[in-house]
Amino acid sequence: MNFLLVLVCGLLVGGLPVLWAAVRGRVLRRAVLGGRAVGVPAEVARRAEDGAPAVRGDLWLPGRAGVPVYFVAEDSAVLAVPRGGRVKDVVPLGTGGFRRQSFVRHGAVVYEVPGTGDVLTITVDRPAVEVVTRALTARGGTGAGDDGLRPAWWHRVRVPYLAALLLSGAFLLGLVGAHTFGLGREVTAEVTGTKGGMCRVVWQDPWDPSLTRHARVDCYEGEKAGDPLRIGARPWPMRGEAADLDVLYVTAFGASVLGVAGAGGVLLASWTGARRLRLLREHLRSGGGSVPGRAAGRVVVPRWSWAAGALGLAGLGLLTLAYGFGQPVRAEVTAATEYGCAVAWADPWDGVRRTADVDCGEEARGDLLEISALPWPLRGEAFDRDFTPFVLGIPTAVAFGAALLGVVLRSRRARGIRPLVLTAAPPADPDGDTVETGDTHDPGDVLDRPRLAALARLLHERHALAGGAGKHRPEPDPAAGPWWRSPVLRRVVLASGVAWGALFVLAVTALWSGWWWGTAYRQATDRTERATATVQEFHEEFPLEPWLLPGAVEVRFDTRDGHRVVTDVEYGDPAPAEGDVVEVEYAVGRPSAARITGDPGLGRGLWASGVVAAAALVRLVWCAVSTGRVLRRLLRAARQGEARDFDYLLLPPSGEEPEDKTFLLVLFEPGASRPTATMDAVPAAASLPPEGTLEIRTLPEAPAFAVAWTGGRPVWPSGPLVLLEEGEEEEFLRQYVTALVPPGVALDVPAARG
């Protein structure tokens with residue numbers, strides 16, 4: 001149950017920021033449709049040959065018609081972006097190397113400014129992509145003024161992804177703490193055994209005293225069997241589970257740190273956006289010219305500064321709670337632990353006996369130690385009054401110092417806001433509307449060569465924008481050495497020739513069931529004896545135990561020659577309880593290889609693990625054999641195949657489906673306008689230009705096994721060569737190419753000349 005709780009909380013921590021982003025995107029869309037101004041963080045870059053770097057800032061979308069979109073950079077520069085242009089593409093950008101839609105948190109809007117031909121790449125958070133696209137393509141936008149820049153207060157609140165993640169963690173920690181220690185009951189349990197920092201405890205259910213509960217809780221204060229221990233009994237739906245009161249301290253401290261850090265991120269982002277909006281409005285009131293900065297200067301709080309400040313505030317809050325609101329009491333040292341002293345004292349508020357682990361010097365068992373008993377919400381925790389204030393105070397002071405240092409280093413005198421020149425001023429048509437460039441109509445069949453060439457160029461640009469056009473090592477000539485000299489072939493063999501999933505399943509199965517097979521082997525090859533054993537410890541059950549896979553208990557028994565053996569044995573359903581007496585059968589040569597007599601658990605585990613291991617082995621062999629067969633034919637085609645020249649177009653994977661890694665080579669007879677064949681290529685083909693000429697080498701007896709050749713180097717395929725001789729194959733290519741065109745994006749297809 002505890003494992004399921006941690007799993008659910010982990011999923012919620014990752015899912016709540018995504019839910020908040022979706023809600024935020026819906027709110028922004030409603031605001032734009034309702035004619036209200038909104039602002040979003042953005043990065044703007046000019047698509048030029050020199051690769052100008054992106055500028056970070058805020059993009060403000062006024063609510064009044066006729067007003068352009070304004071971008072305010074971090075250094076207070078302002079760019080007026082005219083509306084009514086054409087969105088050439090929208091590219092989803094992943095984070096940390098992930099390109100799946102669930103990991104995509106940003107989108108790049110490729111916008112062509114009307115009348116100038118300049119192209120801007122505007123990167124915003126994923127929920128704001130549709131809002132920005134709608135605002136940019138709206139007609140009009142050559143006026144000026146700040147009357148359309150008055151967003152509602154709830155549109156000024158910004159929650160960055162990291163802040164949302166921290167707030168989600170704080171919310172869930174607080175929820176778990178409130179459920180355990182708010183709705184639960186604090187009871188005194190009896191320790192029945194200890195092992196590795198865990199205590200087995202027994203207590204009477206506070207809601208039904210006729211029930212006796214058993215559980216495991218953390219304990220680090222030298223508890224031993226028979227000691228009383230204050231625990232928190234959890235209510236429904238975790239009835240019967242318990243938590244040590246130290247969990248309250250960890251939960252409260254963690255929730256406070258995460259909450260303060262997340263709230264600081266929200267305040268910082270919102271304050272930064274409000275400051276830039278105020279500067280933009282002053283800029284527009286001055287007629288769009290430069291505005292002198294204030295002599296007082298500008299305070300900049302970097303992210304690591306507010307993170308350090310959050311830690312400092314958490315430490316200061318803990319010190320204030322412990323030594324400002326805590327009660328000084330005299331506690332008795334009950335044991336010396338690894339981390340300090342275990343102490344016991346009478347609670348100053350209700351007289352209940354409390355225990356905790358505190359820092360101490362040379363105190364021994366029975367000495368008195370002055371401590372500070374913490375009040376709610378950390379009731380039951382304590383700190384010593386001599387050493388701990390310095391231990392907490394020094395990191396708190398260092399955190400505050402780091403926060404202040406970041407502010408001092410980054411803050412500077414305010415600079416005057418000025419226009420940011422990225423594009424030229426757009427010309428206006430006689431009717432007052434901006435001039436729109438480019439042909440937005442794509443005539444003809446989707447398989448016509450001009451249309452495919454335009455699509456290849458578009459996909460090539462968006463693939464490079466999304467970071468997919470990396471550098472690749474040149475391929476060696478396969479006729480000049482063994483195949484493993486090729487980095488592409490090595491990756492292909494490792495990817496398809498080795499079934500990594502089956503290998504992982506086989507490794508996990510071996511680790512999980514290896515001792516089952518060891519026990520079965522020992523008992524099958526050695527003489528066995530029987531003995532009476534006592535169950536000492538019941539191990540935690542995992543999923544599928546014990547009805548499909550066997551569980552395990554620790555038993556103790558004496559062999560016929562008088563040796564005492566403590567070992568784990570398997571069991572099936574029903575499970576034995578701690579203290580039960582069972583009959584075991586053990587191998588004389590190795591008594592630790594034992595099983596419960598007549599219990600089906602071991603046999604069931606052997607069957608289940610054997611079937612899984614056999615399936616994994618079959619999968620491994622099948623992948624190795626099939627990949628070896630394909631590799632031999634490809635090498636024959638590359639070394640001895642018949643060669644023909646073709647024109648080609650390279651279609652990278654569309655950004656709308658970032659999990660698709662297929663590069664498609666569309667082949668044409670020289671000078672032809674319709675494709676002849678297609679072939680999937682490995683990602684290394686991204687280094688090829690979007691169109692050109694190459695050589696195809698095939699085997700006469702197996703034409704599907706083909707290798708492209710260009711510049712004296714092979715381009716290895718990831719699929720067979722497909723000839724477009726049948727109508728079904730051509731229709732499939734037509735559907736595939738149609739799906740590659742990003743929705744709402746027009747291709748730059750050259751107009752036919754008479």
Side-chain angles (χ1 to χ4, degrees), residues 3 193-196 198 200 216 497-628:
F3 171 76
T194 61
K195 183 178 182 181
M198 300 289 292
R200 297 193 301 271
R216 295 170 183 263
V498 180
W500 295 103
L503 193 62
F504 175 77
V505 170
L506 187 63
V508 172
T509 304
L511 291 174
W512 190 285
S513 62
W515 67 294
W516 303 343
W517 289 90
T519 298
Y521 174 78
R522 282 288 183 176
Q523 293 199 346
T525 58
D526 200 351
R527 183 170 58 88
T528 60
E529 295 283 354
R530 295 188 179 185
T532 301
T534 302
V535 178
Q536 284 191 312
E537 184 176 353
F538 181 85
H539 297 308
E540 294 288 345
E541 291 182 350
F542 289 92
L544 306 180
E545 290 182 358
W547 57 274
L548 178 59
L549 298 175
V553 292
E554 184 181 280
V555 299
R556 184 189 66 223
F557 62 90
D558 295 329
T559 63
R560 182 181 294 273
D561 54 1
H563 290 89
R564 174 156 294 183
V565 178
V566 178
T567 186
D568 289 342
V569 296
E570 302 83 7
Y571 67 87
D573 200 16
E578 293 182 0
D580 286 356
V581 176
V582 296
E583 185 182 54
V584 296
E585 183 179 0
Y586 64 92
V588 175
R590 189 172 181 179
S592 60
R595 63 183 297 178
I596 300 177
T597 305
D599 189 277
L602 179 61
R604 190 179 303 164
L606 295 178
W607 273 105
S609 60
V611 170
V612 173
L617 286 173
V618 169
R619 174 64 178 168
L620 284 170
V621 173
W622 172 262
C623 288
V625 171
S626 59
T627 302

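Computed over heavy atoms, backbone and side chain alike; hydrogens, waters and symmetry mates excluded. Source: prediction; values computed, not measured.
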Exercise. Which heavy atom in Phe557 sits nearest to a heavy atom in Pro591, and how many Å separate them?
Worked result: CZ-O, 3.6 Å

For this session: For residues Glu529 and Val588, report the shortest heavy-atom separation together with the two atoms involved.
Result: CG-CG2, 3.4 Å

Exercise. Measuring from Trp517:CH2 to Leu606:CG, what's the distance to the nearest 0.5 Å?
Worked result: 5.0 Å

Exercise. Rounded to the nearest 0.5 Å, how far does CG of Leu548 lie from CH2 of Trp607?
Worked result: 13.5 Å

Exercise. Is the backbone of Ala624 close enough, under 3.5 Å, to the side chain of Thr627 for a donor and an acceptor to pair up by distance?
Worked result: no

Seminar exercise, completed: Heavy-atom nearest pair, Thr567 first then Ser592, reads OG1-O, 3.0 Å

Exercise. Going through the distances and angles, do Leu602 and Tyr571 end up as a side-chain contact (heavy atoms from CB on, under 4.5 Å)?
Worked result: CA-CA 7 Å; Leu602 179 61; Tyr571 67 87; over 6 Å; no

Problem set entry | Trp512 CH2 to Ser609 OG distance, which is reported to the nearest 0.5 Å | 11.5 Å

Problem set entry | Evaluation steps, side-chain contact (heavy atoms from CB on, under 4.5 Å), between Trp622 and Leu620 | CA-CA 6 Å; Trp622 172 262; Leu620 284 170; over 6 Å; no

For this session: Output the distance between atom OH (Tyr586) and atom CZ (Arg560), rounded to the nearest 0.5 Å.
Result: 6.0 Å

Seminar exercise, completed: Closest heavy-atom pair, Gln536 versus Val566, reported as atoms and distance to 0.1 Å, is OE1-CG1, 3.7 Å

Problem set entry | Closest heavy-atom pair and its distance - Ala594, Thr519 | O-CG2, 3.7 Å

For this session: Grab the two heavy atoms, one from Arg595 and one from Gly603, that are nearest each other, plus how far apart they are.
Result: NH2-N, 4.3 Å

Exercise. How long is the span from the OG1 atom in Thr534 to the CZ atom in Arg556, to the nearest 0.5 Å?
Worked result: 5.5 Å

Exercise. Looking at CZ of Arg200 and CD of Glu537, how far apart are the two atoms once the value is rounded to the nearest 0.5 Å?
Worked result: 5.0 Å

Problem set entry | Polar side-chain atom of Asp526 near backbone of Gly589 as donor-acceptor pair, under 3.5 Å | yes

Exercise. Any side-chain donor paired with an acceptor under 3.5 Å for Thr528 and Glu585?
Worked result: yes

Problem set entry | Polar side-chain atom of Glu570 near backbone of Gly605 as donor-acceptor pair, under 3.5 Å | no

For this session: Tell me, with the steps shown, if Thr597 and Arg530 meet side-chain contact (heavy atoms from CB on, under 4.5 Å).
Result: CA-CA 8 Å; Thr597 305; Arg530 295 188 179 185; 3.5 Å; yes

Exercise. Is the backbone of Gly572 close enough, under 3.5 Å, to the side chain of Asp599 for a donor and an acceptor to pair up by distance?
Worked result: yes

For this session: Give the intermediate values and the outcome of side-chain contact (heavy atoms from CB on, under 4.5 Å) for residues Val569 and Val553.
Result: CA-CA 6 Å; Val569 296; Val553 292; 3.8 Å; yes

Problem set entry | Check: Val584 and Val582 side chains under 4.5 Å, non-hydrogen atoms | yes

